*Asks:* 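Here you go, one structure.
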There are 2 protein chains.
Amino acid sequence: MNIKEASEKTGVSSAAIRYYEKESLIPPIDRTEVGNRDIDTRIIRRIKFVTQMRAAGMSIENLRRYIELFDAQEDNTKEQKALLQEQLAVMEEKRDDLQAAIDHLNYKLNHFYDHMQETEEELRELEKQHAAKVDRESDAKNDETDIH
Amino acid sequence: MNIKEASEKTGVSSAAIRYYEKESLIPPIDRTEVGNRDIDTRIIRRIKFVTQMRAAGMSIENLRRYIELFDAQEDNTKEQKALLQEQLAVMEEKRDDLQAAIDHLNYKLNHFYDHMQETEEELRELEKQHAAKVDRESDAKNDETDIH
DNA sequence: TCTTGCCTTGAAGTGTACATGAAGGTTTAA
DNA sequence: TTAAACCTTCATGTACACTTCAAGGCAAGA
């Protein structure tokens, strides 16, 4: 499979695949007689793995650290486990933050006025009053994140 | 409250607060007689809102779009709702992708060998065999993302 | 009065993760 | 045989989200 097909199969641009190879996020890719990359399913799997971890917010740098460790000859299962667990913790925190933001937006959405007769000005007034109330109630609580 | 205190209270750098003001992610901040920013709890709340949305992956550009719409005088509740729902969908997808990656890593972690006597080479052999098996079984399935 | 420590603005610099361009090679189809 | 459509490497460019720097002002304490 040439790089274009691999790109289509993975949704990763050809340039990005070359970049990943250069940065050792994927193993060195075999070349044909004329020097073109010949990509097999193993590489495809690893490109997809990179994509998934990138989407989960893992940096190129950390991904390389992890992959280097995994590909190494030495017995570093412990370190691998530690690294995995570290990354898991980061991702779980990220997921929880994301969920908190989702809850926040859902709350806002559920408290929107469905009746369009209210003017935005009225809405803003109500929001302001709410904000003032919240200020009075929890000025020192310091855990408010609502926009208004 | 001066900008340094606000920075400490929010965990956002002074420079970033100035940047957010310049980019209209937070409202114009009042100045003291000598021109220093005087930051109140309303601004603090909005900084935290920005932080939360940024952490959830919303870009500065989209955040500004959203805030502009929200702060506008016109009655655009419909557009606000649509924008909120759009952002919610993006975030939920992100959360699900993240959860998939977490599951993936958890799987790997749970299948790690706890007995350290196996050498990394043996481990790699097992992984290779597994990969080959998976290749045979689902070469065309095209949904594998495991690293080995 | 002079140092310390805060603040201001505006401009320029930084790191990440690619994207794009230049210059050239190969294969296929008309 | 010439164009189209791939490919290669290497170098440079780009977008985003800040950070850092430069040049200066204000206020308090030694």
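Per chain, numbering begins at 1; letters A, B, ... match sequence-line order. Note that this is a predicted model, so its numbers are computed, not measured. Atoms considered below: every heavy atom in the structure, side chains included; atoms not considered: hydrogens, waters and symmetry mates.
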*Asks:* Which listed nucleotide (C/dA17, C/dA19, D/dA17) is nearest to the side chain of A/A16?
*Replies:* C/dA19

*Asks:* Side chain of A/T41, backbone of A/I44: donor and acceptor closer than 3.5 Å?
*Replies:* no

*Asks:* Expressed as a whole number of angstroms, how long is the span from B/R64:CZ to D/dA15:P?
*Replies:* 15 Å

*Asks:* Just how far, in rounded Å, is P of C/dG15 from CD of A/E61?
*Replies:* 13 Å

*Asks:* Please check if the side chain of B/T10 supplies one atom and the backbone of B/K48 the other of a donor-acceptor pair under 3.5 Å.
*Replies:* no

*Asks:* Just how far, in rounded Å, is C1' of D/dA15 from CG of B/N62?
*Replies:* 14 Å

*Asks:* Could you check which residues of residues 19-34 of chain B get a heavy atom under 4.0 Å from DNA chain D? Sort them by number, please.
*Replies:* B/Y19, B/Y20, B/V34

*Asks:* Please determine whether the number of non-hydrogen atoms from other residues, nucleotides or ligands lying under 6.0 Å from atom CD of A/E93 exceeds 12.
*Replies:* no

*Asks:* Between atom CD1 in A/I17 and atom C1' in C/dA19, what is the gap in whole Å?
*Replies:* 14 Å

*Asks:* Check whether any side-chain nitrogen or oxygen of A/S13 sits under 4.0 Å from OP1 or OP2 of C/dA19, and answer yes or no.
*Replies:* yes

*Asks:* Output a table of nitrogen or oxygen pairs between the protein and nucleotides 2-7 of chain D separated by less than 3.5 Å.
*Replies:*
{"unit_1": "D/dC6", "atom_1": "OP1", "unit_2": "A/K4", "atom_2": "NZ", "d": "3.3"}
{"unit_1": "D/dC7", "atom_1": "OP1", "unit_2": "A/K4", "atom_2": "N", "d": "2.7"}

*Asks:* For the residue pair A/S7 and A/V12, what are the closest heavy atoms and their distance?
*Replies:* OG-O, 2.8 Å

*Asks:* To check you understand the geometry: which heavy-atom pair defines the closest contact between B/A56 and A/A101, and what is its length?
*Replies:* CB-CB, 3.8 Å

*Asks:* Backbone N or O of B/M58 within a donor-acceptor pair of the B/R54 side chain at under 3.5 Å?
*Replies:* yes

*Asks:* Given that B/S59 and B/A15 both sit by DNA chain D, which one's nearest nucleotide is further toward the 5' end?
*Replies:* B/S59

*Asks:* Can a salt bridge be assigned to the pair B/R65 and B/E68 using a cut-off of 4.0 Å between side-chain N and carboxylate O?
*Replies:* no

*Asks:* Before you tell me yes or no, could you show the steps for B/E21 and B/R18 under salt bridge (charged side-chain N to carboxylate O under 4.0 Å, His left out), namely the whole-Å CA-CA distance, both residues' side-chain angles and the distance that decides it to 0.1 Å?
*Replies:* CA-CA 5 Å; B/E21 187 190 11; B/R18 293 194 194 98; over 6 Å; no

